[in-house]
Amino acid sequence: QVQLVESGGGLVQPGDSLTLSCAASGRTIHNYAMGWFRQVPGKEREFVAVISRSGGSTYYVDSVKGRFTISRDNAAKMVYLQMSTLQPEDTAVYYCAASVRDWRLARALRDYFGWGQGTQVTVSS
């Protein structure tokens, strides 16, 4: 199994940028599509982005397209989420997770495993 730890969250102002990191331990991650999700209190955890096993393909939820970039470094067992032009509605706890499904199919919570503790992102002036 793979264990994931997210970091890099913080308090930023609207329009700022932030990069989240996800460090994997245990098994290598090159066999998995990797995704980022986010959750606000009282709401379901929602899909944000996914990256294919090789890193060559990505998919984003419409609300972050053009602002967020997911990337990975399989050798370092790291996954990243670069976030720019952050808005208050991006405020959430962000989680990364792994999926054995093809990146084109991995959208639902049930498709993923290895959830970490998350990292808080707060966008506020």
Side-chain angles (χ1 to χ4, degrees):
Q1 281 288 6
V2 62
Q3 294 80 43
L4 302 169
V5 177
E6 303 90 343
S7 62
L11 172 62
V12 297
Q13 294 188 337
D16 283 354
S17 299
L18 199 62
T19 297
L20 306 182
S21 298
C22 172
S25 60
R27 299 184 67 175
T28 179
I29 62 170
H30 74 266
N31 290 323
Y32 307 118
M34 299 297 296
W36 283 95
F37 285 72
R38 65 187 180 186
Q39 187 171 24
V40 297
K43 290 192 173 183
E44 286 191 359
R45 195 170 297 185
E46 67 167 354
F47 169 83
V48 175
V50 62
I51 188 166
S52 63
R53 292 175 176 85
S54 68
S57 298
T58 58
Y59 179 83
Y60 303 89
V61 68
D62 284 348
S63 59
V64 308
K65 280 181 183 175
R67 300 189 300 121
F68 289 14
T69 302
I70 186 171
S71 61
R72 66 192 294 164
D73 182 339
N74 285 340
K77 295 198 289 185
M78 295 291 296
V79 183
Y80 305 97
L81 187 67
Q82 296 173 269
M83 306 183 294
S84 63
T85 322
L86 283 162
Q87 300 301 317
E89 52 266 32
D90 296 315
T91 295
V93 178
Y94 283 72
Y95 301 86
C96 69
S99 178
V100 298
R101 300 198 79 187
D102 184 89
W103 70 275
R104 287 164 287 194
L105 301 174
R107 301 283 184 274
L109 282 175
R110 64 179 178 272
D111 295 332
Y112 289 85
F113 68 94
W115 300 95
Q117 82 292 344
T119 185
Q120 175 72 48
V121 173
T122 303
V123 184
S124 175
S125 55

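Counting from 1, the numbers follow the sequence of the chain as shown.
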Report task. Can you measure from CZ (Arg38) to OG (Ser63) and round to the nearest 0.5 angstrom? Result -> 4.5 Å
Report task. Could you check Val50 against Arg101 for side-chain contact (heavy atoms from CB on, under 4.5 Å), going step by step and ending with a plain yes or no? Result -> CA-CA 11 Å; Val50 62; Arg101 300 198 79 187; over 6 Å; no
Requested in this report: Carefully, step by step, assess Asn74 and Ile29 under the rule side-chain contact (heavy atoms from CB on, under 4.5 Å).
Outcome: CA-CA 6 Å; Asn74 285 340; Ile29 62 170; 3.6 Å; yes
Requested in this report: Tell me, yes or no, whether the heavy-atom count around Glu44 atom CD, taken from other residues, nucleotides or ligands under 6.0 Å, exceeds 12.
Outcome: no
Requested in this report: Measure the CE-CD1 distance between Met34 and Ile70 for me, rounded to the nearest 0.5 Å.
Outcome: 8.0 Å
Query - Trp36-Val100 co-clustered via ILVMFWY side chain contacts under 4.5 Å - result: yes
Report task. Calculate, to the nearest 0.5 Å, the distance between atoms CG and CZ belonging to Leu109 and Arg45 respectively. Result -> 6.5 Å
Report task. Assess whether side-chain contact (heavy atoms from CB on, under 4.5 Å) is satisfied between Ile51 and Tyr80, documenting all intermediate values. Result -> CA-CA 10 Å; Ile51 188 166; Tyr80 305 97; over 6 Å; no
Query raised in the report: Taking the side chain from Arg53 and the backbone from Asp102, do they hold a donor-acceptor pair closer than 3.5 Å?
Result: no
Query raised in the report: Between atom OG of Ser21 and atom CD of Gln82, what is the distance when rounded to the nearest 0.5 Å?
Result: 9.5 Å
Requested in this report: Grab the two heavy atoms, one from Gly9 and one from Thr119, that are nearest each other, plus how far apart they are.
Outcome: N-OG1, 3.0 Å
Requested in this report: Determine the minimum heavy-atom distance between Arg27 and Lys77, stating which atoms define it.
Outcome: O-CD, 3.9 Å
Requested in this report: Report yes or no: does Arg104 contribute a side-chain atom to a donor-acceptor pair with the main-chain N or O of Ser52 at less than 3.5 Å?
Outcome: no
Query - Partner residues of Thr28 under the side chain to side chain donor-acceptor pair (under 3.5 Å) criterion, sequence neighbours left out - result: His30
Query raised in the report: Do you reckon Tyr95 sits in the same ILVMFWY cluster as Met78, going by side-chain contacts under 4.5 Å, direct or chained?
Result: no
Query raised in the report: Sequence neighbours excluded, which residues qualify as side chain to side chain donor-acceptor pair (under 3.5 Å) partners of Gln120?
Result: Thr122
Requested in this report: State which residues pass ring-ring contact (aromatic ring centres under 6.0 Å, His included) with Tyr32; sequence neighbours excluded, sorted by chain then number.
Outcome: Phe113
**Report entry** Residue list, ring-ring contact (aromatic ring centres under 6.0 Å, His included) with Tyr112, at least two apart or on another chain
**Finding:** Phe37
Query - Residue pair Asp90 / Val123: nearest heavy atoms and the distance that separates them - result: CB-CG2, 4.3 Å
Query raised in the report: Only one of Met83, Glu6, Gln39 clears side-chain contact (heavy atoms from CB on, under 4.5 Å) with Tyr94; which?
Result: Met83
Query raised in the report: Roughly how far apart are Thr69 OG1 and Tyr60 OH, rounded to 0.5 Å?
Result: 4.5 Å
**Report entry** Closest heavy-atom pair and its distance - Leu4, Ala97
**Finding:** CD1-CA, 3.4 Å
Report task. Quick one: closest heavy-atom pair of Ala24 and Val2, and the distance? Result -> CB-CG2, 3.7 Å
Report summary line: Hits for ring-ring contact (aromatic ring centres under 6.0 Å, His included) against Phe68, two or more places apart or cross-chain, chain-then-number order -> none
Query raised in the report: Looking at residues at least two apart in the chain, or sitting in another chain, which of them share a side chain to side chain donor-acceptor pair (under 3.5 Å) with Lys43?
Result: none
Requested in this report: Give the minimum heavy-atom separation between Trp103 and Thr58, together with the two atoms involved.
Outcome: CZ3-O, 3.6 Å
